[in-house]
Participant: 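After the structure tokens below, expect a handful of questions from me.
First the proteins, then the strands, lettered A, B, ... as listed; each starts at 1.
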Amino acid sequence: MASSYDEIAEWYDTWVGTHSMSDDPYFRAVEALIGGVAGQRICDLACGQGRVARYLAAQGASVVGVDLSTKLLAIARRHEEAAPQGIEYIHADVQCLDGAAFAPFDGVVCSMALMDIPDLAGVVRSVASLLRPTGWFAFSILHPCFHTSESGEIATPTGAARTVSRYFVEGYWRSDTRPGPPGKVGAYHRTLSTYVNTLSNAGLQLERLSEPGLEVPRPQSPAFASSGRPVWAEVPAILVALCRRR
Amino acid sequence: MPATTNTYDKFASQYADMMAAQERGGVAPDSNISRFLEVVGDVSGLTVLDAGCGEGYLSRILAQRGAQVTGIDISPRLIGMARAKDPDGAITYQAADLSQPLHAHQTHFDLVASYFVLNDVYDYQGFLATLSAALKPAGRLVIFMNNPFSLVVRGHITDYFAASGRRFPYRGMTEEGVKVFFWHRTMEEYLSASFEAGFQLQRLVDVPTPEGSFKRRSDTLIPESYHFPFFTILSLAKAQ
């Protein structure tokens, strides 16, 4: 199985930027829920080019990164060779990982990736199998209540206004007008209820949820270039959750 | 009027007229009440608290389905109307502010059902804490509420974050003479307060807006093809 991110690996690597994850408001929101990771064994699910894995390893975690894109993994491994942190990278489909093949993890993190993956239930099953009992799962996604296949802006006499439509239409969407991966390779929309109930059904108990607004200043990277429009600062850009394996 | 009090008592008769019309319609398939009762499940033989019972619409339905129902509401006038509609006294009604501790019913109920109430309570944290204390261990709380995202999408409020804690009139009810309010809170605030009160979220339901039920207003920015849940059902369980 090939990853759609193979086609855009170089573009994506530039797009996410080179700033530290500690300067990334999206990841800071994840970190706020995880707390300290020193000494923990963590799986970075859909790790891409490894920026989250490298950051967690620098905080003292023992990290395994898993991704479907060989090209993104090649970039991740180049970083590891240039500055070894003991990160193990594995090429695998996170929709059907068998936890029995790994030593149990204290935590699984999945940063801004679940909305790019077709089979949510499969990923969540993988997560549950990777975690030790009471282990944690933290993830961030584009906020499903404001980013649908038909969300955008309309002009009004008083300025731009947000619109959201087709909330209940789940599945693949792609928009040429969207910056970032939704415009390049598309994404999979799901309702908030689908996210919550899929986790709950797999034995992952939602413990905390946060809806960070976009902080200012934002990092100097293309990923944040177009997200600073005031009309979008009024609603949460992403949804962040912490769950615990029952 | 303090910014933290609602006006259901003042508009009790108008509100009761509205609810009576709804009650005459019965529990129609795919209606909000039908979706709520589906999540509530079988209540036969359970001790149930109807939290924010108003004039008793939900309490009567639950009692008809075999529950031992206590209905509590902050409005004395609505409680008086509820009692008048329950001549046999099958339901126990009480006027009380559920955002304050409820000492008489600690760890008493199997289930708390709360229908269109949470958004109308200023002290939602105190309300959730009271409901948790009233439940037996592993007891369930099922809440039907306004979806906080919908209020932003529909243009009732502009800024999801900055509007938190601010009071807004219910447009539709106000037009019918029921001049009552809701306070906007973010979903994060509601869920954090639920977890803080000792609840676990078992299920979340995005309630679909029935086709044709929504009249698009000229002063809102909702697209013609608007499909967004106006309401959310939270099914919570008290941690043991």
Side-chain angles (χ1 to χ4, degrees), chain A residues 29 33 143-170 190-201 204-215 230-244 246, chain B residues 35 39 147-155 157-164 184-196 198-211 214 216 218-237 239-240:
Chain A
L33 299 193
H143 201 301
C145 298
F146 296 101
H147 297 275
T148 66
S149 63
E150 269 184 28
S151 50
E153 294 177 26
I154 53 174
T156 76
T158 53
R162 296 173 306 273
T163 63
V164 179
S165 201
R166 291 170 62 84
Y167 173 76
F168 284 104
V169 183
E170 298 194 321
R190 300 172 188 104
T191 62
L192 180 61
S193 47
T194 294
Y195 277 107
V196 169
N197 299 335
T198 303
L199 292 162
S200 186
N201 292 342
L204 294 168
Q205 184 65 53
L206 184 62
E207 208 164 71
R208 289 181 71 187
L209 177 141
S210 79
E211 303 179 302
L214 267 179
E215 296 170 44
V231 74
W232 291 102
E234 293 174 344
V235 295
I238 64 169
L239 184 74
V240 186
L242 177 72
C243 311
R244 202 163 290 280
R246 282 196 287 265
Chain B
R35 291 182 189 276
V39 177
N147 177 315
F149 307 121
S150 168
L151 297 165
V152 181
V153 175
R154 288 152 68 191
I157 58 178
T158 311
D159 191 317
Y160 181 76
F161 300 109
S164 175
H184 172 67
R185 307 283 180 183
T186 67
M187 188 64 99
E188 173 180 348
E189 288 170 325
Y190 281 128
L191 288 180
S192 296
S194 303
F195 300 149
E196 190 66 30
F199 288 110
Q200 293 185 332
L201 180 61
Q202 293 190 318
R203 190 174 162 201
L204 183 149
V205 179
D206 286 307
V207 180
T209 308
E211 290 290 340
F214 171 57
R216 185 173 176 275
S218 57
D219 62 340
T220 61
L221 298 166
I222 301 163
E224 291 292 354
S225 59
Y226 177 83
H227 286 289
F228 203 85
F230 286 17
F231 310 115
T232 299
I233 303 172
L234 301 180
S235 179
L236 302 143
Q240 296 186 55

Participant: What heavy-atom pair brings A:Leu192 and B:Met187 nearest, and what distance separates the two atoms?
Facilitator: CD2-CE, 4.2 Å

Participant: Testing A:Leu206, A:Val196, A:Thr194 one by one against B:Leu204 for a side chain to side chain contact (heavy atoms under 4.5 Å, CB included), which residue passes?
Facilitator: A:Val196

Participant: If we only count heavy atoms from C-beta on, is the B:Phe149 to A:Val164 side-chain gap below 4.5 Å?
Facilitator: no

Participant: Could you tell me which portion of B:Phe195 (side chain, backbone, both or neither) has an atom closer than 4.5 angstrom to a non-hydrogen atom of chain A?
Facilitator: side chain

Participant: Answer with side chain, backbone, both or neither: which region of B:Leu201 has an atom nearer than 4.5 Å to a non-hydrogen atom of chain A?
Facilitator: both

Participant: Under 4.5 Å from any heavy atom of chain B, what part of A:Gln205 do you find: side chain, backbone, both or neither?
Facilitator: side chain

Participant: Under 4.5 Å from any heavy atom of chain A, what part of B:Val152 do you find: side chain, backbone, both or neither?
Facilitator: both

Participant: Please determine, among B:Asp159, B:Val205, B:Leu191, B:Ile233, the option with the most heavy-atom pairs under 4.5 Å with chain A.
Facilitator: B:Asp159

Participant: Looking at every non-hydrogen atom in both residues, tell me the closest pair between A:Tyr167 and B:Pro229 and how far apart they are.
Facilitator: CD2-CD, 3.2 Å

Participant: What pairs with A:Arg190 under salt bridge (charged side-chain N to carboxylate O under 4.0 Å, His left out), at least two apart in sequence or on another chain?
Facilitator: none

Participant: At a heavy-atom separation under 4.5 Å, does A:Tyr195 approach chain B through its side chain, its backbone, both, or neither?
Facilitator: neither

Participant: Does any backbone or side-chain atom of A:Val235 lie under 4.5 Å from a heavy atom of chain B? Answer side chain, backbone, both or neither.
Facilitator: both

Participant: Going by the rule salt bridge (charged side-chain N to carboxylate O under 4.0 Å, His left out), which residues pair with A:Arg208 if we only count those two or more places apart in sequence or in a different chain?
Facilitator: none

Participant: Kindly give the heavy-atom pair with the smallest separation between B:Asp206 and A:Ser193, and that separation in Å.
Facilitator: OD2-OG, 2.8 Å

Participant: If you compare all heavy atoms of B:Tyr160 against all heavy atoms of A:Glu211, which two are closest, and at what distance to 0.1 Å?
Facilitator: OH-OE1, 2.5 Å

Participant: List the atom of A:Ser200, the atom of B:Gln202, and the distance in Å for their closest heavy-atom pair.
Facilitator: OG-O, 2.9 Å

